[in-house]
Amino acid sequence: MNSRRDFIQKISFSAAALPFLSLRGWAHERENMIMATEEPVLRVALMGLGGYANRVADAMKSSARARLVGVVSGTPAKIKDWQQRFNIPDKNCYNYENFDSIRNNPDIDVVYVTTPNALHHNNVLRAAAAGKHVICEKPMALNPKQGREMIDACKKANVKLLVGYRMHFESNTLEIINRRTKGELGKILFFQGLSGFKIGDPTQWRLNKELAGGGSLMDIGIYAINAARYMIGEEPVWVSAQEIKTDPVKFKQGVDETIQFQLGFPGGAVASCLSTYNMNNLDRFFLNGDKGFAELMPASGYGPIKGSSSSGPLDLPHRTHQTVQMDEMAGIILDGKQPIVPVDGEEGLRDLKIIAAIYEAVKTGQRTDLKV
Ligand code: NAD
């Protein structure tokens, strides 16, 4: 969006420097500048400056198309620190009280919400009402009702809503989807998704139902749900689920420690998945068809993602997931590019519907029909 102005500024600066450069140096400089400013850049404000925001901000340093230009935080000291680390001007810094005035800031295109889950809904509504595109972290919200409201609000404000599904741009993942689409794996019959880690500090928001909306399923099990859908390439029509709780003190009412769940797909495939906050080394996706298989392990960590398949290893080169994601999301927002696997609000909502159905199936002990 700001490429033309950047270009003019850089040209003016370089023209001033002209007497100090050889003609060849000038031509080379100018060529570099044109290369660097060919495509518009997505100007991003990060909201909620915690662990993941730091990771996204660092990754954006290597992004060709997205740049961190602003922050939203309730902690003045953090804002100061981020301003120094990322060279962010005062005029692009907001707190949760004055955030709505971001509507008057023409230098920010998108707000990237990386606050705890329970705050996504309200933060996305506010960003949309301020006329900004929104990227929201997973899970998009606490329940399908909130998800629908977020989609509607963004539609009404004529802004895009994307969900931070970084795996949708990961090359080994896309390679499997490509093989399945081409029929190389044959008829898909089975998917297994194992997603978990052993969670530490019992006081963190991830173990607080009010802020997390649930437990492991909302946070890490969502990767297995999401992968079952993009690996099989269909939407599930039924779900069954069982919960296992070994530590009811750490994992209080409404905060699931471990859930196993099964999803049934219209073409006959079944997904069998495990979501847990109580086991390490649990990050594996396995897709089986009647002509071949593909396996990723690790499958959804920060990478490198690696695996094997009936036709050899899956080890396409690693690129920082969040860098690729931000480049691709810039293409989606600025150029209307269509990703291979969607990352829009409707995609986030489907996962929320499945999560709600899994929690329901745990409660009733029944296989539950599902329409996503
Ligand atoms: P975090 O605790 O490290 O950061 C959360 C930030 O939100 C903190 O800076 C905190 O100060 C701020 N915050 C604002 N209002 C708050 C409030 N009322 N209560 C508590 N904190 C508040 O958490 P995180 O690991 O960065 O996770 C943030 C979001 O990002 C979550 O939705 C999580 O699911 C998602 N996430 C996604 C990935 C991914 O790979 N896509 C990875 C990690 C986290």
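Whatever order the structure lists ligands and atoms in, that order sets their numbers, starting from 1.
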Of K138, R350, H168, the one forming a side-chain hydrogen bond (donor to acceptor under 3.5 Å, both in side chains) with N226 is H168
If hydrophobic clusters are built by linking Ile, Leu, Val, Met, Phe, Trp and Tyr wherever their side-chain heavy atoms come under 4.5 Å apart, do V341 and V343 end up in the same one? yes
State, without any angle test, whether [X] and [Y] hold a side-chain donor-acceptor pair at a distance under 3.5 Å.
X	Y	value
Y359	E243	no
Y165	D351	yes
Y52	Q322	yes
K198	N278	yes
S216	S275	yes
R284	Q192	yes
R148	N143	no
N105	N92	yes

Checklist entry - Does CD1 belonging to I244 count more than 12 external heavy atoms closer than 6.0 Å? => result yes
Inspect the surroundings of CG in D290 and state if more than 12 heavy atoms from other residues, nucleotides or ligands are less than 6.0 Å away.
-> yes
What part of [X], side chain, backbone, both or neither, has a heavy atom within less than 4.0 angstrom of ligand 1?
X	answer
Q204	neither
R166	side chain
H321	neither
Y223	side chain
T75	neither
W205	side chain

Nearest non-hydrogen protein atom, [atom]:
atom	result
atom 9 (O) of ligand 1	K78 NZ, 2.8 Å
atom 4 (O) of ligand 1	G50 CA, 3.2 Å
atom 3 (O) of ligand 1	G51 N, 2.8 Å
atom 37 (C) of ligand 1	E137 OE1, 3.1 Å
atom 19 (N) of ligand 1	L211 CD1, 4.1 Å
atom 34 (O) of ligand 1	K138 O, 2.8 Å
atom 14 (C) of ligand 1	Y96 OH, 3.7 Å
atom 26 (O) of ligand 1	Y52 N, 2.8 Å

For ligand 1 and [X], I'd like to know whether there is a polar contact (N/O to N/O, distance under 3.5 Å).
X	result
R206	yes
P139	no
Q322	no

Proximal atoms of ligand 1 relative to [X] (non-hydrogen, under 4.0 Å):
X	value
D219	34 (O)
H120	32 (O)
L49	9 (O)
Y302	40 (O), 42 (C), 43 (C)
G164	41 (N)

The option among L119, T115, N123, V163 carrying the non-hydrogen atom nearest to atom 16 (C) of ligand 1 is L119
Exercise. Strictly under 4.0 Å, does any heavy atom of P116 approach an atom of ligand 1?
Worked result: yes
- prompt: So is R55 actually on top of Y302's ring, under 6.0 Å and inside 45° of the axis?
  reply: yes
Practice prompt. For the residue pair F285 and Y230, categorise the inter-ring angle as parallel (less than 30°), tilted (30 to 60°) or perpendicular (more than 60°).
Written response: perpendicular
